Chemist: 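Before we start, here is the structure in question, set down as C-alpha cells.
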Amino acid sequence: MKNCKLIMEIWDGRVLIQASEIDMVQLATMCGALEQLMGLEALKRGKTLDDVKDNMLDIHLAAMQALTEQVRREEDDQWQEKARD
C-alpha cells in the first residue's frame with residue numbers, strides 16, 4: 001500500500017476532510033481502522049460487543065441515508081439546471 005493522508009476535523013459544527021494521494025482501497029482501509037478504533041473505545045467505556053456492533057451499523061445506515069439524500073438533491077439540481085437551458 002502506498003503512502004497517503006487523510007485529515008478530519010470538526011470546525012464550527014462541520015466535519016472537514018482533506019485527503020491526498022489516496023485511492024478507494026486505502027480510504028476503505030482507513031475507514032475500517034477508524035471504525036475499529038471507535039469500537040474498541042466503546043468497549044473500554046463498558047458497552048457490550050453487540051451494542052457496539054448495533055451502534056456502528058446504525059451509524060453506517062445513517063451515513064448511507066445521508067448519501068442517498070445528497071445524490072438525489074444533486075440530481076434534482078442538475079435536472080432543474082437542464083430544464084432552464
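When a residue number appears, it is its place in the shown sequence, counting from 1. Computed over heavy atoms, backbone and side chain alike; hydrogens, waters and symmetry mates excluded. Given the structure is predicted, the values throughout are model-derived calculations rather than measurements.
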Chemist: Which value, rounded to the nearest 0.5 Å, describes the distance between M56 atom CE and I59 atom CD1?
Modeler: 5.0 Å
Chemist: Answer with yes or no whether the hydrophobic clustering places L6 together with L37; edges join I, L, V, M, F, W, Y residues whose side-chain heavy atoms lie under 4.5 Å apart.
Modeler: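 In one cluster with L6: L37, yes.
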Chemist: Is the backbone of K2 close enough, under 3.5 Å, to the side chain of Q26 for a donor and an acceptor to pair up by distance?
Modeler: yes
Chemist: Decide side chain to side chain donor-acceptor pair (under 3.5 Å) for E74 and Q78; before the verdict, give the C-alpha distance in whole Å, the side-chain angles of both, and the deciding distance to 0.1 Å.
Modeler: CA-CA 6 Å; E74 290 175 3; Q78 289 175 357; 5.8 Å; no
Chemist: A quick test of your reading: do over 12 heavy atoms of other residues, nucleotides or ligands sit less than 6.0 Å from CG of D77?
Modeler: yes
Chemist: To the nearest 0.5 Å, tell me how far L16 CG sits from I10 CD1.
Modeler: 9.0 Å
Chemist: So do the side chains of M64 and L61 get within less than 4.5 Å of each other, counting heavy atoms only?
Modeler: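 No, too far: nothing below the 4.5 Å cut-off.
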Chemist: Verify the neighbour count for atom CE of M24: are there more than 12 heavy atoms of other residues, nucleotides or ligands below 6.0 Å?
Modeler: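 At most 12 heavy atoms, drawn from other residues, nucleotides or ligands, come within 6.0 Å of this atom.
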Chemist: To the nearest 0.5 Å, tell me how far D54 CG sits from D58 CG.
Modeler: 6.5 Å
Chemist: Judged by atom type as modelled, is there a donor-acceptor pair below 3.5 Å linking the side chain of N55 to the main-chain atoms of D51?
Modeler: yes
Chemist: Roughly how far, to the nearest 0.5 Å, is the CG atom of L34 from the OG1 atom of T29?
Modeler: 12.5 Å
Chemist: What is the distance from atom CZ of R45 to atom CD of E41, rounded to the nearest 0.5 Å?
Modeler: 4.5 Å
Chemist: Mind checking the CE-CD spacing from M30 to E35? Nearest 0.5 Å is all I need.
Modeler: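 Output value for this atom pair is 14.0 Å.
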Chemist: Taking the side chain as everything from C-beta on, heavy atoms only, tell me whether V15 gets closer than 4.5 Å to E9.
Modeler: no
Chemist: Does CD belonging to Q36 count more than 12 external heavy atoms closer than 6.0 Å?
Modeler: no
Chemist: When you compare the side chain of E21 with that of N3, does any pair of heavy atoms fall below 4.5 Å?
Modeler: no
Chemist: Is the closest side-chain heavy-atom distance between L49 and K53 below 4.5 Å?
Modeler: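 Touching, per the 4.5 Å side-chain cut-off.
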Chemist: Above 12 or not: heavy atoms from other molecules or residues under 6.0 Å from CD of E81?
Modeler: no
Chemist: Please tell me if the side chains of L43 and V52 come closer than 4.5 Å, counting only heavy atoms from C-beta onward.
Modeler: yes
Chemist: So, do I17 and I7 sit near enough that their side-chain heavy atoms are less than 4.5 Å apart?
Modeler: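 They are not in side-chain contact.
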